Visitor: 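Quick one: structure below, then a few questions.
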Amino acid sequence: MDDALSRVRLLVGEDGLEKVRAAMVIIFGCGGVGSWCAEGLVRSGVRHLTLVDPDCVAPSNLNRQMMAVSSTVGLSKVIALRSRLLDIAPDASIDVREEFFSSSGAASFGLSSYDYIIDAIDSLKDKAELILRACEAGGVFFSSMGAACKIDPTRVRTAEFFEVRGCPLGSALRKKLRRARTLPAHPFTCVYSDELLPNVGSPDDVSIDSYKAVTNGSLVPVTATFGFTLSSLVLRDILGI
């Protein structure tokens with residue numbers, strides 16, 4: 001009889017599917033990139049997921065975030081995302097934390113208990129901290145670089161952090177870490193794009209979040225491609241492909 005994961009099982013086999021189902025994954029940042037990463041993982045069989053994000057769904061999220069629909073505006077992003085994911089996979093174990101990742105609370109996340117740590121956060125300072133902590137934790141770490149100011153998903157690619165080129169966020173992170181003389185404990189793979197388009201609209205057209213230095217334009221064909229690429233990196237690592 002057909003079931004929700006029959007096509008996954010057909011591709012990866014029963015043993016492969018069991019490995020996917022057993023993986024413990026935590027995603028930091030559940031916006032235009034992280035939300036699609038979560039969906040890609042759950043639809044592919046991942047059943048142990050922790051979602052971390054402090055924000056609520058805003059009208060400006062409707063253009064690119066998986067759980068953002070008119071009925072979820074005003075709700076916690078991670079609560080809305082968990083509801084969506086459990087509707088897809090009722091047997092999944094999905095924990096949520098409605099908070100920022102920062103140096104002061106980093107230890108509380110127990111990063112060493114996860115097989116995979118996914119970075120999809122925006123804050124430069126906190127992103128740098130997560131990179132350092134995740135690389136020390138022992139699990140496999142993947143990071144999203146900047147997905148804004150882009151329109152062409154065919155330019156999304158992967159590279160080791162110090163080999164990322166054409167991404168202002170990647171460049172800023174490397175400079176920050178080098179200046180602090182705190183480099184990651186080991187290499188890690190990033191999703192990025194070297195495309196960079198200017199914002200041509202008025203800044204009055206968007207709402208500015210108080211914790212973000214800059215708000216840039218972004219489109220779901222690119223942000224979702226970033227997220228799905230992250231989920232693919234996790235699945236390929238689990239399966240040894």
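Residue numbers run from 1 in the order of the sequence given. All of these numbers come straight from a predicted model, not from anything done at the bench.
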Visitor: Evaluate the side-chain proximity of L75 to M67: yes if any heavy-atom separation is below 4.5 Å, no if none is.
Guide: no

Visitor: Would you call L183 and R178 a side-chain contact if the rule is heavy atoms closer than 4.5 Å?
Guide: yes

Visitor: Starting at CG of L177, measure out to CD of E129 and round the result to the nearest 0.5 Å.
Guide: 10.0 Å

Visitor: What do the steps show when you test S108 against R97 for side-chain hydrogen bond (donor to acceptor under 3.5 Å, both in side chains), and what is the final call?
Guide: CA-CA 11 Å; S108 71; R97 296 187 59 163; 2.9 Å; yes

Visitor: Is I79 reachable from L41 through a run of hydrophobic residues whose side-chain heavy atoms are each under 4.5 Å from the next?
Guide: yes

Visitor: Determine, using the 4.5 Å side-chain heavy-atom cutoff (strictly less than), whether L49 and V140 are members of one ILVMFWY cluster.
Guide: yes

Visitor: What verdict does the side-chain contact (heavy atoms from CB on, under 4.5 Å) test give for L81 and D53, after you've listed the backbone C-alpha separation in whole Å, the side-chain angles of each residue and the deciding distance to 0.1 Å?
Guide: CA-CA 10 Å; L81 181 54; D53 197 296; over 6 Å; no

Visitor: Please identify which of these residues, Y116, F162, F161, meets the ring-ring contact (aromatic ring centres under 6.0 Å, His included) condition with F188.
Guide: F161

Visitor: At what distance, to the nearest 0.5 angstrom, does CD1 of I94 lie from CG of L86?
Guide: 4.0 Å

Visitor: V8 and V20: side-chain contact (heavy atoms from CB on, under 4.5 Å), yes or no, with the steps?
Guide: CA-CA 10 Å; V8 179; V20 172; 5.9 Å; no

Visitor: Using modelled atom types only, decide if a donor and an acceptor are shared between the side chain of N61 and the backbone of A58 within a distance under 3.5 Å.
Guide: yes

Visitor: Once rounded to the nearest 0.5 Å, what's the spacing between atom CZ of F28 and atom OG1 of T50?
Guide: 8.5 Å

Visitor: Which heavy atom of V57 sits nearest a heavy atom of A80, and at what distance?
Guide: CG2-CB, 4.4 Å

Visitor: Check each of R9, R21, K19 against E14 using the salt bridge (Lys or Arg N to Asp or Glu O under 4.0 Å) test, and report the only one that passes.
Guide: R9

Visitor: Go through the steps for L85 and M66 under the test side-chain contact (heavy atoms from CB on, under 4.5 Å), then give the verdict.
Guide: CA-CA 10 Å; L85 297 175; M66 188 271 288; 4.0 Å; yes

Visitor: For the OG atom of S144 and the CD1 atom of I27, what is their distance to the nearest 0.5 Å?
Guide: 11.5 Å

Visitor: Looking only at heavy atoms, which two atoms of K77 and C30 are closest? And how far apart?
Guide: CD-O, 4.1 Å

Visitor: Check the hydrophobic clustering (I, L, V, M, F, W, Y; side-chain heavy atoms under 4.5 Å; chains of links allowed) and say if F142 and Y192 are grouped together.
Guide: no

Visitor: Do I88 and V78 share a hydrophobic cluster, counting only Ile, Leu, Val, Met, Phe, Trp and Tyr and linking them when any side-chain heavy atoms are less than 4.5 Å apart?
Guide: yes

Visitor: Kindly indicate whether the side chain of L5, heavy atoms from C-beta on, has any atom under 4.5 Å from the side chain of R47.
Guide: yes

Visitor: Can you tell me if CD1 on I151 sees more than 12 non-hydrogen neighbours from other groups inside 6.0 Å?
Guide: no

Visitor: Minimum heavy-atom separation for P184 to L132, with atom names?
Guide: N-CD2, 3.8 Å

Visitor: Supply the atom-to-atom distance S231 OG to I118 CD1, rounded to the nearest 0.5 angstrom.
Guide: 8.5 Å

Visitor: Heavy-atom count around D91 CG within 6.0 Å, excluding the residue itself: above 12?
Guide: yes

Visitor: For a quick test of your reading: what N or O donor-acceptor pairs under 3.5 Å do the side chains of residues 221-229 make, sequence neighbours left out?
Guide:
from: T223; atom 1: OG1; to: G32; atom 2: O; distance (Å): 3.1
from: T225; atom 1: OG1; to: P221; atom 2: O; distance (Å): 2.5
from: T229; atom 1: OG1; to: T225; atom 2: O; distance (Å): 2.6

Visitor: Tell me every residue that passes side-chain hydrogen bond (donor to acceptor under 3.5 Å, both in side chains) with E163, counting only those two or more places apart in sequence or in another chain.
Guide: none

Visitor: What are the two closest non-hydrogen atoms of S44 and L17, and how far apart are they?
Guide: O-CD1, 4.2 Å

Visitor: Between L173 and L169, is there a side-chain heavy-atom distance shorter than 4.5 Å?
Guide: yes

Visitor: Which value, rounded to the nearest 0.5 Å, describes the distance between L11 atom CG and I241 atom CD1?
Guide: 7.0 Å

Visitor: Are any side-chain N or O atoms of N199 and backbone N or O atoms of G201, one a donor and one an acceptor, separated by less than 3.5 Å?
Guide: no

Visitor: Taking all heavy atoms of M145 and all of C167, pick out the closest pair and write down the distance.
Guide: CB-SG, 3.4 Å

Visitor: Testing K150, R165, R155 for side chain to side chain donor-acceptor pair (under 3.5 Å) with D194, which one passes?
Guide: R155

Visitor: Same cluster or not: F101 versus M24, using hydrophobic residues (I, L, V, M, F, W, Y) connected whenever any side-chain heavy atoms lie under 4.5 Å apart?
Guide: yes

Visitor: Do you know which two heavy atoms are closest between R64 and W36, and how far apart they sit?
Guide: O-NE1, 2.8 Å

Visitor: Under a 3.5 Å distance rule, please check whether N216 uses its side chain to pair with a backbone N or O of S218 as donor and acceptor.
Guide: no

Visitor: I'd like to know whether I117 forms a side-chain contact (heavy atoms from CB on, under 4.5 Å) with R133, so could you lay out the CA-CA distance, the side-chain angles of the two residues, the decisive distance to 0.1 Å, and finally the verdict.
Guide: CA-CA 10 Å; I117 303 165; R133 298 271 187 159; over 6 Å; no

